[in-house]
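Data first, discussion second: the structure below is written as structure tokens.
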Amino acid sequence: MATAELTAHELIAKHRPTLDQALEAIRTRAYWSPHPEHPKAYGENGSLDAAAGKAAFDALLGSRLDLGQPGTDGWVGGETSPYGVELGVEYPHADLDELLPAMRSGMRQWRDAGAETRAVVCLEILKRISDRTHEFAHAVMHTSGQAFMMALQAGGPHAQDRGLEAVAYAYVEQVRTPDDAEWTKPQGKRDPLALNKRFTPVPRGIALLIGCNTFPTWNGYPGLFASLATGNAVLVKPHPRAVLPLALTVQVARQVLTEAGFDPNLVALAAERPGEGIAKTLATRPEIRIIDYTGSTEFGDWLEANARQAQVYTEKAGVNTVVVDSTDDYKGMLSNLAFSLSLYSGQMCTTPQNLLIPRDGIRTDQGPKTYDEVVADLARAVDGLLGDDARANALLGALVNPDVKARLEAAPGLGEVALASREITHPEFPGAVVRTPVIVKLDGAKPDDESAYMSECFGPVSFAVAVDSSADAVELLRRTVREKGAMTVGAYTTDDEVEQAVQEVCFDEAAQLSLNLTGGVYVNQTAAFSDFHGSGGNPAANAALCDGAFVANRFRVVEVRREAQGLS
């Protein structure tokens with residue numbers, strides 16, 4: 001057992017104020033974050049500045065990341081950055097029959113530590129990750145293809161916020177039931193019945209986090225910290241193309257657990273050999289009692305059907321839709337949509353895919369606009385946004401894998417191209433595959449077009465779908481969310497009836513809605529502590545980040561009762 005260098009008292013004194021602020025934030029849903037977004041905020045109080053973070057990342061290249069895990073039977077690697085850089089980092093490959101029992105061995109002490117101690121240990125892990133935000137940003141950039149600033153913000157403070165949010169929800173659910181209760185039932189003339197009752201949150205077992213390629217930390221931290229904070233051990237199985245950010249996370253977690261006097265094997269890494277495909281093997285092992293997964297619908301459905309011994313939380317694919325009915329800020333609408341379609345080359349689970357536009361056109365503050373005019377103006381807005389290559393590189397990042405590139409190149413064969421994709425050279429990384437978005441015009445009345453717009457086309461591909469009316473757009477929205485799911489829905493309208501109709505669809509089909517966004521907030525961005533990412537109520541995901549349902553079933557409450565002393 002580890003010798004504590006950090007006592008629970010010290011960690012509570014250090015982190016309880018932050019936990020309390022997080023609890024208040026999830027109650028009020030107001031803006032709050034303890035993790036600064038600006039790169040220049042780092043460099044003091046032990047955190048790495050930009051130069052130190054880059055140097056730390058460079059030092060990792062070509063190295064062996066020894067985590068000190070039991071059961072290491074070899075070393076694996078092979079990550080290549082979407083920017084063309086060979087990372088050359090090696091990670092421990094685990095003998096699961098040795099690692100999994102070792103992970104369970106520390107769970108009793110972790111359970112008995114209590115909700116508050118677990119929460120502040122998690123906050124210490126997050127604090128140390130935050131101090132290395134610049135280093136993590138490079139790790140995220142060179143595994144996901146995100147541009148550096150997005151990697152720093154989404155892979156750093158925004159991911160850390162989501163982890164802290166999960167800890168806050170986990171704490172709330174665990175302390176909802178008191179530790180102890182005295183129960184007395186009157187019996188008339190007889191002595192009352194009296195019991196002492198003790199209630200203990202107990203973890204389910206080992207949690208498996210199956211990481212994704214595009215947002216390894218942002219999508220990984222909620223499940224990781226929700227499981228850890230509720231007393232479970234966590235086995236992290238990264239995507240083979242995006243191991244480094246989560247391996248560094250495991251490294252930090254193991255260091256903090258050791259210093260706090262807990263078994264470091266409560267958090268471990270399961271990296272895999274090329275083509276090994278250990279996710280299915282792990283997911284059905286009896287030791288695995290919780291699974292968090294972000295990725296394809298096909299594998300998410302397989303997990304839900306086959307990992308019967310585990311509580312499975314999935315974020316899968318959906319077809320995100322925007323209804324365009326009317327607007328009182330035409331320029332702002334086009335600008336907002338152009339940014340939403342372009343950010344990270346559309347490689348976000350929240351990026352709009354289908355834009356439903358009445359074929360007779362829409363009403364705007366600039367007068368009526370036909371379907372063709374709206375689509376052409378949107379194409380010009382995207383072109384203008386990305387016309388400067390330096391700005392385009394900063395917004396687009398790189399295509400994360402060859403599958404995205406293949407879908408982009410196939411898109412022009414689906415319909416009339418309103419905006420063609422173009423290749424952009426990255427001045428610092430000539431090996432990067434950078435492409436601007438394509439917009440394809442489709443007809444909602446043609447059955448041949450339906451197979452395109454009713455399927456997810458992940459990446460910088462969007463469809464401008466002509467519909468007969470706004471009412472038809474609303475019904476197509478309903479069918480899309482019901483059959484395919486959606487992480488996000490957007491709508492532009494100045495008509496109260498259309499707005500109400502869109503809202504009713506989103507209520508009925510449990511989809512998160514953004515109305516008339518024309519400024520600096522975009523449909524594909526959500527804020528921790530305030531916005532819910534997904535709803536868990538449509539086929540795109542069976543969980544929401546983050547709500548009580550996301551954490552409450554990661555533990556159960558076990559009651560021990562005994563007769564009160566001195567009463568009969």
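Residue numbers count from 1 along this sequence.
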* To do: Could you please spell out the steps behind the side chain to side chain contact (heavy atoms under 4.5 Å, CB included) verdict for F555 and E173?
  => CA-CA 9 Å; F555 69 96; E173 293 301 324; 4.1 Å; yes
Practice item. Determine, stepwise, if the pair Y313 / I290 fulfils side chain to side chain contact (heavy atoms under 4.5 Å, CB included). Key: CA-CA 8 Å; Y313 300 89; I290 301 167; 4.0 Å; yes
Query raised in the report: Which is it for Y221 and T249 under the side-chain hydrogen bond (donor to acceptor under 3.5 Å, both in side chains) test, yes or no, and what are the steps along the way?
Result: CA-CA 9 Å; Y221 284 4; T249 301; 2.7 Å; yes
Test log, rule side chain to side chain contact (heavy atoms under 4.5 Å, CB included), inputs L385 and R391
CA-CA 8 Å; L385 178 68; R391 185 177 186 185; 3.3 Å; yes
Show, in sequence, the C-alpha distance, side-chain angles and deciding distance for Y293 and F299, and conclude whether the ring-ring contact (aromatic ring centres under 6.0 Å, His included) test is met. CA-CA 9 Å; Y293 168 75; F299 190 58; 5.3 Å; yes
- Task: Carefully, step by step, assess Q347 and L399 under the rule side chain to side chain contact (heavy atoms under 4.5 Å, CB included).
- Result: CA-CA 8 Å; Q347 297 171 125; L399 299 189; 4.1 Å; yes
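In this structure, a donor-acceptor pair under 3.5 Å is present between the side chains of T80 and E86. A side-chain N or O of R204 and one of N553 form a donor-acceptor pair less than 3.5 Å apart. Side chains of T351 and Y344: a donor-acceptor N/O pair is absent below 3.5 angstrom, by distance only. Under 3.5 Å, the side chains of Y91 and E79 contain a donor-acceptor pair of N or O atoms.
Taking all atoms of both residues into account, the shortest heavy-atom contact from R162 to C546 is NH1-N, 3.8 Å. Residues F458 and M348 approach most closely at CE1-N, 3.8 Å, considering heavy atoms. Across all non-hydrogen atoms, the minimal contact from A271 to I278 is O-CD1, 4.3 Å. Nearest heavy-atom pair across A22 and W32 is CA-CZ3, 3.5 Å. Closest of all the heavy-atom pairs between A540 and A486 is CB-N, 3.5 Å. Scanning both residues, L386 and A392, for their nearest heavy atoms gives O-CB, 3.6 Å.
Enclosure of atom CG in D388 by more than 12 non-hydrogen atoms of other residues, nucleotides or ligands within 6.0 angstrom is indicated. Atom CZ of R108 has 12 or fewer neighbouring heavy atoms from other residues, nucleotides or ligands inside a 6.0 Å radius. Environment of NZ in K331: sparse, with no more than 12 heavy atoms of neighbouring residues, nucleotides or ligands closer than 6.0 Å.
Remark: side-chain polar atoms of N232 are paired, donor with acceptor, to backbone N or O of G205 under 3.5 angstrom. Between the side chain of N524 and the main chain of S340, a donor-acceptor pair closer than 3.5 Å is present. R554 places no side-chain N or O within 3.5 Å of a backbone atom of A226 that could act as its donor or acceptor partner. Side-chain atoms of S130 do not come within 3.5 Å of backbone N or O of L126 as any donor-acceptor pair. The closest donor-acceptor contact from the side chain of R254 to the backbone of P264 lies under 3.5 Å. Judged by distance alone, with hydrogens and angles left aside, the side-chain atoms of S227 form no donor-acceptor pair with the main-chain N or O of L224 at under 3.5 Å. Listed for the T526 side chain is no donor-acceptor partner under 3.5 Å among the backbone atoms of D531. Judged by distance alone, with hydrogens and angles left aside, the side-chain atoms of N219 form no donor-acceptor pair with the main-chain N or O of G211 at under 3.5 Å. Side-chain atoms of S144 come within 3.5 Å of backbone N or O of V140 as a donor-acceptor pair. Looking only at distances, no side-chain donor or acceptor of T488 sits under 3.5 Å from a matching main-chain atom of N320.
A 4.5 Å side-chain heavy-atom check between I125 and L228 finds at least one atom pair inside the cut-off. Using a 4.5 Å heavy-atom cutoff, the side chains of L343 and M150 are in contact. Two residues are said to be in side-chain contact when any heavy atoms from C-beta on lie closer than 4.5 Å; L419 and D383 meet this criterion. A heavy-atom distance below 4.5 Å is found between the side chains of L23 and V172. Taking the side chain as every heavy atom from C-beta outward, W110 and D263 never approach each other to under 4.5 Å. Contact annotation: the side chain of Q160 approaches that of T133 to within less than 4.5 Å [non-hydrogen atoms, C-beta and beyond]. E10 is not listed as a side-chain neighbour of I12, based on a closest heavy-atom distance of 4.5 Å or more. Taking the side chain as every heavy atom from C-beta outward, C457 and Q353 approach each other to under 4.5 Å.
Here the CG atom belonging to L341 is positioned 12.0 Å from the CG atom belonging to L395, to the nearest 0.5 angstrom. From H15, atom NE2 reaches atom OG1 of T117 across 12.0 Å, with rounding to the nearest 0.5 Å. To the nearest 0.5 angstrom, D66 atom CG is 9.5 Å from Q251 atom CD. Expressed to the nearest 0.5 Å, how far CG of L246 lies from OG1 of T217 amounts to 7.0 Å. Interatomic distance, OG of S105 versus CG of L266, reported as 7.5 Å (0.5 Å rounding). Taken from CZ in R104 to CG in N265, the straight-line distance is 13.5 Å, to the nearest 0.5 Å.
Ring pair H134/F148 is parallel by interplanar angle, where below 30° counts as parallel and above 60° as perpendicular. Taking the six-membered ring where tryptophan is involved, the planes of H426 and Y83 are perpendicular, since the angle between them exceeds 60° and thus also 30°. Between H142 and H138, the angle of the ring planes stays under 30°, which puts this pair in the parallel group of the 30/60° scheme.
A salt bridge does not link E124 with K127: every distance from a Lys NZ or Arg NE/NH1/NH2 to an Asp or Glu carboxylate oxygen is 4.0 Å or more. Under the 4.0 Å criterion applied to side-chain N and carboxylate O atoms, R407 and D403 are not assigned as salt-bridge partners.
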N/O donor-acceptor pairs under 3.5 Å from side chains in residues 50-63, not counting sequence neighbours:
unit_1 : atom_1 : unit_2 : atom_2 : d
K54    : NZ     : D58    : OD1    : 3.0
K54    : NZ     : D58    : OD2    : 2.9
S63    : OG     : L60    : O      : 2.5

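F262 does not carry R118 over the face of its six-membered ring by the limits of under 6.0 Å from the centre and within 45° of the normal.
Here the options are E315, Q512, E165, the test is side chain to side chain donor-acceptor pair (under 3.5 Å), and the partner is H533; only E315 passes.
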